[in-house]
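Data first, discussion second: the structure below is written as structure tokens.
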Protein chains: 2
Amino acid sequence: MGKADFSPIADTTRRAEIVALLRRAILTGQLEPGQKLNELRISEQMRVSRAPLREAMRELVQEGILTSIPYAGTFVIDVTAKDIDDAYSFNKVMDEFAIEQTWPLRDQRFFDELDRRHETVKQATRALDTTRQIETALQLHGLIYEWADNSVLLDTWQRLTSRLQMYFALHQHARNEPVPAEDVHETYVQLLKGKDMLAAQRHAREHIGLDFEELIAYARSLEQRTSKGGRADRASPARSGPGGS
Amino acid sequence: MGKADFSPIADTTRRAEIVALLRRAILTGQLEPGQKLNELRISEQMRVSRAPLREAMRELVQEGILTSIPYAGTFVIDVTAKDIDDAYSFNKVMDEFAIEQTWPLRDQRFFDELDRRHETVKQATRALDTTRQIETALQLHGLIYEWADNSVLLDTWQRLTSRLQMYFALHQHARNEPVPAEDVHETYVQLLKGKDMLAAQRHAREHIGLDFEELIAYARSLEQRTSKGGRADRASPARSGPGGS
DNA sequence: TCTTGTTAGATTGTCGGCAATCTGCTTGTC
DNA sequence: GACAAGCAGATTGCCGACAATCTAACAAGA
């Protein structure tokens, strides 16, 4: 009997493609934080009716990168320094857990995949493609989440990833540095291959920490400007949580 | 000048109400795991067109309690023992973090709210309303997440809550016990009022743990039955994550 | 001048219907 | 009888148009 592992074919609904397009536009900074998404305009640009566009938007709202106010519109989320700080401290705890869960499951395939993703990051770095560099770095970092074999953990990470990518892309866009230092992930990869789990956890905390510190400082400086600058109203509406009456 | 703090008025779109209705139906077990949601039938029952219903469904898909397969339908998620186990171990870590973050922020208002929610649970217990008992118990437990002042943490908890409520409701439905023992939350509340943070964390782990153990055992027994029973196919499709190239 | 009522324009929310796709059955052939 | 092709029914995906709501400009009155 022929056994071939086929991966499921791509979703072929307009909705799915629209989701991908919008997400990419947001995460790369083509759509700026706070910006309103005009349904009619976008649907005409994409040559699509508003129905699938609106469904796509609802998905991205739940994914946490859009926010919707009834009869007012759907907006790209505003990024506050506190949001980044929250994500930062939460990420530290998650990292620790992910490494702990992944640690006993590491095998040759894990190491290979680790190297492969590391190589992809270096490739994007050499190509001076900052957007892709952020994306691949997050994918490298995400391996421990994919390997941990915990669906809830992975789900949470993927949600967080969207926001992180948006934050970092925002940062990069602002201070248009050519590209960060040569290889900041080398130590991380080596530690994940090693025998000292606690060292790996510690490094993950501090390594990620450094990137974040810079990011938060930047966000803070932004808020200084906008606090007197204007469009600071229109607070994010209370997320209609599961805890209803 | 008159200063009155008004909270934002309720969402008055059909979509929001549909979301609430569907979520309630799922979390209370009126809609069983694996069951298909027929759009036409539901829209007629609710006297609503399919557009807002479909948008509501997309939200619940992203919320993690529905799963959608293009051109096939939208289904209530299947609950596997591993899912519960994953949520369990993840919840332990989150609890620890939430207590740590909340600890220095506790004040009189926190204690009052804690007592209020505790009272609500006892009330539901006396009324023999198991569904509401689960709901209120989760709200009691959720206070440390609301108080922790971390938007990402709270968001993650609210997502997890949906699934937890579904799991526990499922359990309760099956073994139709009258109502659990009198007051299992007393110690938890007292520890949160006390001075020993580590003790509170430890208790949260073990207390929640016990409930989970029973739940997982039940789920395992269910899978024993369904593994030969039939509708085990139609695996959950790969969640189109943010990483797509 | 400030506040309040009105109105026109734009945008979101919703509806009913059509097109695309899947599923199961029937039919025909070997 | 087994199997492939084709067909009908049901269901999801998508579209265009209408209704409900918001926003901003303008006018009227205190």
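When reading the values below, keep in mind they use all heavy atoms of this one structure, side chains included, and skip hydrogens, waters and symmetry mates.
For the pair B:Leu66 CG and D:dT12 C1', the computed distance is 15 Å after rounding to whole Å. The CZ atom of A:Arg15 sits 18 Å away from the P atom of C:dA20 (whole-angstrom rounding). Rounded to whole Å, the distance from CG on B:Leu53 to C1' on D:dT11 is 13 Å.
A salt bridge does not link A:Glu55 with A:Arg58: every distance from a Lys NZ or Arg NE/NH1/NH2 to an Asp or Glu carboxylate oxygen is 4.0 Å or more.
Screening residues 137-148 of chain A for salt bridge (Lys or Arg N to Asp or Glu O under 4.0 Å) gives A:Arg117-A:Glu146 as the qualifying pairs, with residues at least two apart or on separate chains.
When the side-chain contact (heavy atoms from CB on, under 4.5 Å) test is applied to B:Lys36, the partners found at least two apart in sequence or on another chain are B:Phe75. Evaluation of the side-chain contact (heavy atoms from CB on, under 4.5 Å) rule for B:Thr28 yields B:Arg24, B:Gln30, B:Thr131 as partners, not counting sequence neighbours. Taking the side-chain contact (heavy atoms from CB on, under 4.5 Å) definition, one finds that B:Val93 meets it with A:Val93, A:Phe97, sequence neighbours left out. Taking A:Tyr167 as the reference, nothing meets the ring-ring contact (aromatic ring centres under 6.0 Å, His included) condition, with sequence neighbours excluded.
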Summarise how protein sits on nucleotides 7-12 of chain C as a single string, 5' to 3': B when a protein heavy atom is under 4.0 Å from the base, S for sugar-phosphate-only contact, - for no contact. ----SB

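Contact annotation: A:Ser49 side-chain N/O to D:dC15 OP1/OP2 distance is under 4.0 Å.
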